[in-house]
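Counting convention: from 1, in listed order, for ligands and their atoms alike. Each residue takes its place number in the sequence, starting with 1.
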Amino acid sequence: MSLDGIRDTLGDCTRCKLHQGRTTLVFGVGRADADLMFVGEAPGRDEDLQGVPFVGRAGQLLTKIIESIGLTRDEVYIANVIKCRPPQNRNPEPDEVETCEPFLFDQLAAVQPRVVVALGAFAVRTLLKSEQPISRLRGQVFDYRGAKLVPTFHPAFLLRSPDRKRDVWEDMKKVRALLA
Ligand code: URA
């Protein structure tokens with residue numbers, strides 16, 4: 001299915017309780033045939049208001065991370081596991097992930113990126129079905145549905161722990177090499 005088809009299928013989604021508090025469903029943004037796709041967790045306040053993933057403070061850092069390997073946001077595809085903002089930005093609950101993850105899987109199948117960067121524990125857990133901590137998984141490259149998957153820290157975590165930016169830079173160098 002095309003990205004437009006997936007968006008149409010979601011419609012004015014009421015499949016889980018998160019629809020009650022959202023302003024906007026945040027589907028995804030970027031190139032429909034991108035080689036590189038980023039997967040985050042869920043929209044925050046700014047994303048909920050604007051309907052675009054990663055536009056708040058963490059998003060500005062993600063933009064810099066993308067630019068650090070010579071790409072722009074327009075050249076990649078960005079989506080989240082969860083399409084609607086959880087109240088007070090709480091962690092997504094298992095039933096919400098279960099309900100929403102098929103749409104992310106469809107987005108991955110539509111874009112068919114060569115490299116997927118999973119940002120933070122929720123994205124990694126959803127994609128790899130691994131309960132291992134992100135600190136253990138990052139630094140490795142996984143095969144994922146015909147693509148290479150690179151787990152790394154979530155930019156919101158980097159805002160709290162800037163000393164880990166070096167690790168993300170190492171991960172992004174790997175991404176650049178995989179795309180070359
Ligand atoms: N954090 C996420 O995981 N996704 C967003 O879109 C914004 C912040």
Report summary line: At a 4.0 angstrom heavy-atom cut-off, ligand 1 is contacted by Gly40, Glu41, Ala42, Glu47, Pro53, Phe54, Asn80, His154

For [X], does the [atom1] atom have more than 12 heavy-atom neighbours from other residues, nucleotides or ligands under 6.0 Å away?
X	atom1	value
Arg57	CZ	no
Glu98	CD	no
Lys17	NZ	yes

Charged N to carboxylate O under 4.0 angstrom, [X] versus [Y]?
X	Y	answer
Asp35	Arg114	yes
Arg125	Glu101	no
Asp12	Arg22	yes

